[in-house]
Amino acid sequence: MSIGTQQLDLFDDLSYYEGADVEYKSGRGGLPSSLWETYSAFANTAGGTLWLGISQGSDGQLRFQGLENPEKLKGDIHNLLNNREKVSRNLLTDVDVEIVRVPDDGRALIRIRVPQAGRRERPVYVGKDPFNGTYRRDYEGDYRCTEDEVRRMFADQSEEPVDSRILEGFGMEDIHPQSLAQFRNRFASLDPSNPWLAEDDRGLLEKLGGWRRDRRSGKEGVTLAGLLMFGREAAIRDPAAVPGFHLDYREHFSDDPAIRWTDRLTPDGHWEANLFQFYQRVIVKLGVGPGIKQPFQLDAEGYRRATTSVHEALQEALVNALIHADHSGQGGIVIDRYFDHLEFSNPGTLLLSREQLSTGGISECRNKSLQLMFQKLGAGDKAGSGLDRIRSSWSAQHWQSPRLLQTWRPDRVQLRLPMISTLPEVAMEALRERFGSTLDGCSADEIQALVAAEVEGEVSNQRLQEMLSLHRVDITRMLKDLVQKRFLTAANKGRWTRYSLVEPESGKVGATGVPRDSGSMTPDSASSPPDSGASPPDSASSPPDSGSSPPDSEHLDPAQDPKLLGIAGPVRRGGAAPRQVVLRTILALCEGRFLRLRDLSQLLNRRQETLRDSYVRDMVRDGLLEQRFPGTPSHKDQAYRTKAETLGDAR
């Protein structure tokens, strides 16, 4: 097999079918002007692959058009990349721009692999004006960044940590003395001989980076880190400091959808809301409750200490959210705890790529003084392996792998920690029932993929990358093998491909070799989409609490319902759509019926992760949508219905 053919096979495996961040451009008539916008967007987001010589139709199918003079186009790309009038920075080497031949007919394509720019390289922008030529990527395509987003990228470039900024006009009177005293006591219990303990309050604050003198200007005072960690809430929220500062811990331990949370810790006047006080209170709450087999233990001085790998992981997750946050961003620190998972969310962006975070060993912290302060409390990792340690702890419990999500507009990072077994007995029994003895021929990784599909309803290449130690190329091959063996079926071809378990054929001996009960399935159900072989949750066979469904919801596959497709049309066909338009469309689709994320994904031509993280979760929280299984948010058959009383207002 030629190198070009091998490359095209790799493209076929990773770019088209497995949801990699990919853009296709025709390339007829020369280099498209939008190429540089996509280059900027990939560089400022998470990298990606750009193909010239291919167009993608509205049906998701690729059309190989080819390029007339690929060698010249390749040269033009390199020349323009080094032209500062065109683009601010060249991130590519010669091997990142390749000519690939289409098998059989020899047509030429160009593949451009754009890496994620490092924090000192961002923003990468088109033209001379960064505030007008900086782009980012989301699931709806490239978008121009706001001036505020660009300024934050420039701020992250600086070698001077964000939290080292001296706050003019602030002094020791803005420090909460009890917080600093409690910190000193805790520090002393961990390191009683440390010479910093001999300093007075201002001296200790200076050693920790909470007070600083600028040698060039001679100015000195409380730093942003000192105020955030030990400050009085009123001072922290001052317009000259962090006016949008917010802390929020919420527990959701009720099956009653009318109860938004069962416990909440947020600034309410009953405690001094700084990071130190928030940490002390939240770490206690994380040590008990559902999923925690034993509470935190007390040391000789009466302080709680992590005694298990789970406690260490929760402590690490909490501290990471506090020290890596862009505290001037939107939304503040939000921690949500459910029966079966926890979510740690903070404003800002990741300073390292996902590969660097997964590998560990590299430390990049937005707030280095805050990091030092938490290290003196025995918390906060400096070796760059914090996320790796959390994953190891979760793996030791046989829980599903943590998920790290990044969203934009506003910039936020979320760490989701599922407390659900990776090999639950119920799921294994269901797989045995479905596939019989053929399951014995599957590898451990294949079993894990099938269990994930059973528990979560579907899997993707990206999701399995978070759960397995395999490279994404190997995951691609494994998924294709599972499809060929009739264990999985693929849906949503294109960059949103998802895999679900194959439904058993009625009254026949299928790929598993096990006869199936005919039940009520129709003879041709095996050729139906993966979720159409049985009645969906909102059909006539739904549980009693599902409510009655209108006649148009009786179709076996909601994604094929002409009425629903008509409602979804403006978003489905229109590419990027205003947020309010998407919100109104989701409400209209879910009016009078429960729809699953996979149904909404197919109807709207949007990734499930995008719909869940950018729309549905907020709509549930705000009371616009109700869940079919409110007490089990991650239920594999979870579905959503518009609350009747909210629809009119939303419109």
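Predicted model only: the values in this text are computed from it and were never measured.
At distances below 3.5 Å, not a single donor-acceptor pair connects side-chain atoms of Thr585 with backbone N or O atoms of Ala568. Under the 3.5 Å distance criterion, the side-chain polar atoms of Arg144 are matched with a main-chain donor or acceptor of Asn132. For the pair Ser26 (side chain) and Ser55 (backbone), a donor-acceptor distance under 3.5 Å is absent.
Using a 30° and 60° split on the angle between ring planes, Phe374 and Tyr279 fall in the perpendicular class, above 60°. Note on ring orientation: taking the six-membered ring where Trp is involved, the planes of Phe245 and His327 are tilted (angle from 30° to 60°).
For the 3.5 Å distance criterion, the side chains of Glu37 and Tyr125 fail to qualify, holding no donor opposite an acceptor. With 3.5 Å as the limit, one finds no donor-acceptor pair spanning the side chains of Thr49 and Arg113.
For the pair Tyr39 and Ile112, the minimum side-chain heavy-atom distance is 4.5 Å or more.
Partners of Glu121 according to the side chain to side chain contact (heavy atoms under 4.5 Å, CB included) rule, which considers only residues two or more places apart in sequence or in another chain, are Arg89, Leu91, Ala117. Residues forming a side-chain hydrogen bond (donor to acceptor under 3.5 Å, both in side chains) with Lys72 (at least two apart in sequence, or on another chain): Asp76. Looking at residues two or more places apart in sequence or on another chain, you find a salt bridge (charged side-chain N to carboxylate O under 4.0 Å, His left out) between Lys25 and Glu23.
A salt bridge (Lys or Arg N to Asp or Glu O under 4.0 Å) with Asp411 is found for exactly one of Arg151, Arg152, Arg136, namely Arg136. The side chain to side chain donor-acceptor pair (under 3.5 Å) test with Asp156 is passed by exactly one of Arg119, Arg120, Arg366: Arg366.
Rounded to the nearest 0.5 angstrom, Ile335 CD1 and Ser345 OG are separated by 9.5 Å.
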